[in-house]
Asks: 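Below is a structure I'd like to ask you about.
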Number of protein chains: 2
Amino acid sequence: MSGWLDPEDPVLGAVTSLARELADPIRLTALQVLAAEGPHTMSQLADALGVSAPRLGNHLARLRAAGLVAVEHSGRHATYRVAEAGIGEVLAALTRFAHGGAADTRPRPRAGAQGLARTCYDHTAGRLGVAVFAALVDRGALVPPDGRTAELALGPERSPFAELGVDPDAVRAGRRKLATACLDRTQRLPHLGGALGKEVLDAFVERGLVEPRPGTRDLQVTERGLRELPALLPGFRSA
Amino acid sequence: MSGWLDPEDPVLGAVTSLARELADPIRLTALQVLAAEGPHTMSQLADALGVSAPRLGNHLARLRAAGLVAVEHSGRHATYRVAEAGIGEVLAALTRFAHGGAADTRPRPRAGAQGLARTCYDHTAGRLGVAVFAALVDRGALVPPDGRTAELALGPERSPFAELGVDPDAVRAGRRKLATACLDRTQRLPHLGGALGKEVLDAFVERGLVEPRPGTRDLQVTERGLRELPALLPGFRSA
DNA sequence: ACCACCTTTCACGATTGCGTTAATGGTGAC
DNA sequence: GTCACCATTAACGCAATCGTGAAAGGTGGT
């Protein structure tokens with residue numbers, strides 16, 4: 001019958017502890033990478049984040065104590081993965097809100113018409129790329145990597161791909177992976193990479209929805225794209 | 001082209017700052033109360049949380065600086081509200097994950113068959129009450145309070161109420177509010193209160209889905225309830 | 001004009017958290 | 001067996017954060 005701030009309250013403690021783990025740039029980014037791109041070894045993570053091994057190790061020890069990541073030792077390597085798939089939902093909710101949400105103390109570069117879409121090598125990135133990935137996952141065409149599945153896999157549905165103008169079964173991947181989840185550098189949410197990602201971008205260009213800007217990584221969303229893309233991608237709002 | 005940990009990265013900073021705001025028991029609970037039950041004045045909040053005014057004031061100043069709450073002065077009272085409705089989604093995502101999710105360091109009282117449902121005065125609470133509220137909101141029968149709408153209101157849909165066995169238009173509220181959002185003490189998510197909350201509980205008892213335990217606030221979910229409730233309430237899983 | 005009340009701010013002490021450096025434990029290659 | 005490498009832990013110093021107490025602004029009632 002105690003009030004709201006009972007220090008013994010297990011739910012309150014669990015939520016604040018969780019938030020505290022996510023409140024550090026290294027821990028947050030490590031979780032985002034693991035949740036979006038699947039398991040990494042410690043060296044891969046330290047290299048990707050550009051931090052020293054002990055520094056990352058201390059944070060991973062905290063995450064492990066909090067039950068957020070699991071580690072498996074194999075030889076002299078340690079591969080880390082997210083302990084539960086649900087953490088991706090939490091990270092996505094936080095990130096989405098922080099985007100259009102709370103006024104940050106520092107002035108944020110206003111993402112207007114530019115910055116709406118970018119390319120990452122040869123596939124779509126930026127807000128457009130994230131919307132593509134989210135739409136495909138929501139509709140069962142992709143299953144994102146979680147603690148169990150090591151990598152991004154195709155789901156049972158094919159029609160969401162068809163609506164985007166690509167056919168996964170017809171793509172000649174060659175030596176390249178068919179589809180990979182790639183953590184978007186600006187959005188901090190996963191976007192679609194691999195051979196399928198390239199096909200989607202090509203299809204968008206072919207249909208006149210976006211136009212590459214030669215020499216840059218910017219993608220110009222055309223008038224037609226502003227009209228048709230929101231209907232195609234539920235999570236894609238221009239504002 | 002800097003790496004993942006660029007200290008200037010606006011998205012990274014926004015997310016970690018947001019998580020830091022949610023990592024304190026007082027700030028988290030204040031946001032949960034404001035998001036679930038609508039605007040409160042400072043005294044109401046301090047009284048509800050059982051903390052001194054300066055202590056709460058310091059935290060509210062932080063939340064205001066972070067853009068998470070808005071304050072409106074009227075006379076010598078200051079009414080606080082959440083700055084954006086979206087924060088409710090973030091709190092719900094965090095709380096849901098922390099429930100069944102990460103293994104807390106401290107042993108959590110295992111919510112088995114008991115603890116599945118409780119009463120709050122005369123309406124359903126606990127996991128069942130939270131599931132009722134979430135289902136009604138998801139299906140457009142209720143619109144939760146956000147920064148703009150001061151209190152819980154009925155949505156356009158009526159069939160979700162009918163499936164639960166109640167008719168909002170036939171309830172004689174009298175002096176009592178028809179429907180209120182009430183932050184659940186154990187779940188930290190809103191449940192349905194007011195006259196409609198009582199009607200839902202009565203209907204559940206009538207249909208033999210739950211049985212009150214005299215003298216306690218526990219609700220025993222019957223065999224029939226375990227069978228039929230999950231179909232009625234998408235968010236209600238027994239495990 | 002005075003007082004009661006609500007709200008906000010400030011400053012100090014104690015605590016916690018973080019980064020760096022160094023050292024330890026294991027594992028595989030030669 | 002020795003060495004190189006990966007991963008982990010421990011200890012120290014620094015900075016940020018939180019709670020407490022006191023005091024200051026402002027408003028409305030008498």
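Just so we're on the same page: letters track the sequence lines, and every chain starts at 1. Just so it is clear, the structure is predicted and the values come from calculations on it, not from any experiment. Heavy atoms only: backbone and side chains are in, while hydrogens, waters and symmetry mates are out.
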Asks: Please report the shortest heavy-atom distance between B/Ile87 and B/Ala35, naming the atom on each side.
Replies: CG2-CB, 4.4 Å
Asks: What's the spacing between B/Tyr80 OH and B/Leu60 CG if we round to 0.5 Å?
Replies: 5.0 Å
Asks: Quick one: is A/Tyr80 getting a side-chain N or O under 4.0 Å of the D/dC6 phosphate, OP1 or OP2?
Replies: no
Asks: Identify, residue by residue, the members of residues 70-78 of chain B with a heavy atom below 4.0 Å from DNA chain C, and return them in order of residue number, or none.
Replies: B/His73, B/Arg76, B/His77, B/Ala78
Asks: Hey, could you give me the NE2/CZ distance between B/His191 and B/Arg185, rounded to the nearest 0.5 Å?
Replies: 9.5 Å
Asks: Using heavy atoms and a sub-4.0 Å distance, could you list which residues of residues 23-32 of chain B are near DNA chain D? By number, please.
Replies: B/Arg27
Asks: Taking atom C1' of D/dC18 as reference, at what distance in whole Å does atom CG of A/Leu5 sit?
Replies: 14 Å
Asks: How many whole angstroms separate atom CG of B/Asn58 from atom P of D/dA16?
Replies: 18 Å
Asks: How many angstroms lie between OG1 in A/Thr16 and CG in B/Leu94, if you round to the nearest 0.5 Å?
Replies: 10.5 Å
Asks: With no hydrogens and no angle check, do the side chains of B/Arg188 and B/Thr29 hold a donor and an acceptor under 3.5 Å apart?
Replies: yes
Asks: Of the listed nucleotides (C/dG19, D/dG19, D/dA22), which one gets closest to any side-chain atom of B/Pro54?
Replies: D/dA22
Asks: How many angstroms lie between atom CG of A/Leu142 and atom CG of A/Leu152, to the nearest 0.5 angstrom?
Replies: 5.0 Å
Asks: Nearest 0.5 angstrom please: B/Gln44 CD to B/Thr79 OG1, how far?
Replies: 9.0 Å
Asks: Return the nearest nucleotide to the side chain of A/Arg62; candidates are C/dT9, C/dC18, D/dA7.
Replies: C/dC18
Asks: To the nearest Å, how far apart are B/Met42 CE and D/dT27 P?
Replies: 17 Å
Asks: Applying a 4.0 Å non-hydrogen cut-off, can you work out what B/Ser52 is touching in the nucleic acid: base, sugar-phosphate, or nothing?
Replies: nothing
Asks: Within this structure, what is the CG-to-P distance between A/Leu63 and D/dT8, rounded to whole angstrom?
Replies: 12 Å
Asks: Counting C-beta onward and ignoring hydrogens, is there a side-chain heavy-atom pair between A/Leu116 and A/Leu128 closer than 4.5 Å?
Replies: no
Asks: Choose from D/dA10, C/dT7, D/dT20 the nucleotide whose nearest atom is closest to any side-chain atom of B/Arg55.
Replies: D/dT20
Asks: Strictly below 4.0 Å: does B/Arg64 bring a side-chain N or O up to OP1 or OP2 of C/dT7?
Replies: no
Asks: Once you round it to whole Å, what is the distance between P of D/dT20 and CG of B/Leu56?
Replies: 13 Å
Asks: What is the separation between atom CZ on A/Arg20 and atom C1' on C/dT15, rounded to the nearest whole Å?
Replies: 12 Å
Asks: Calculate, to the nearest 0.5 Å, the distance between atoms OG1 and NE2 belonging to B/Thr180 and B/His123 respectively.
Replies: 6.0 Å
Asks: Applying side-chain contact (heavy atoms from CB on, under 4.5 Å) between B/Arg118 and each of B/Leu219, B/Thr216, B/Asp184, B/Thr124, report the one that passes.
Replies: B/Asp184
Asks: Find the distance B/His59:NE2 to C/dT8:P and express it as a whole number of Å.
Replies: 14 Å
Asks: Please check the phosphate of D/dA7 (OP1 and OP2 only) for any side-chain N or O of A/Thr79 closer than 4.0 Å.
Replies: no
Asks: A/Leu60 has an atom CG; how far is it from atom C1' of D/dC6, in whole Å?
Replies: 14 Å
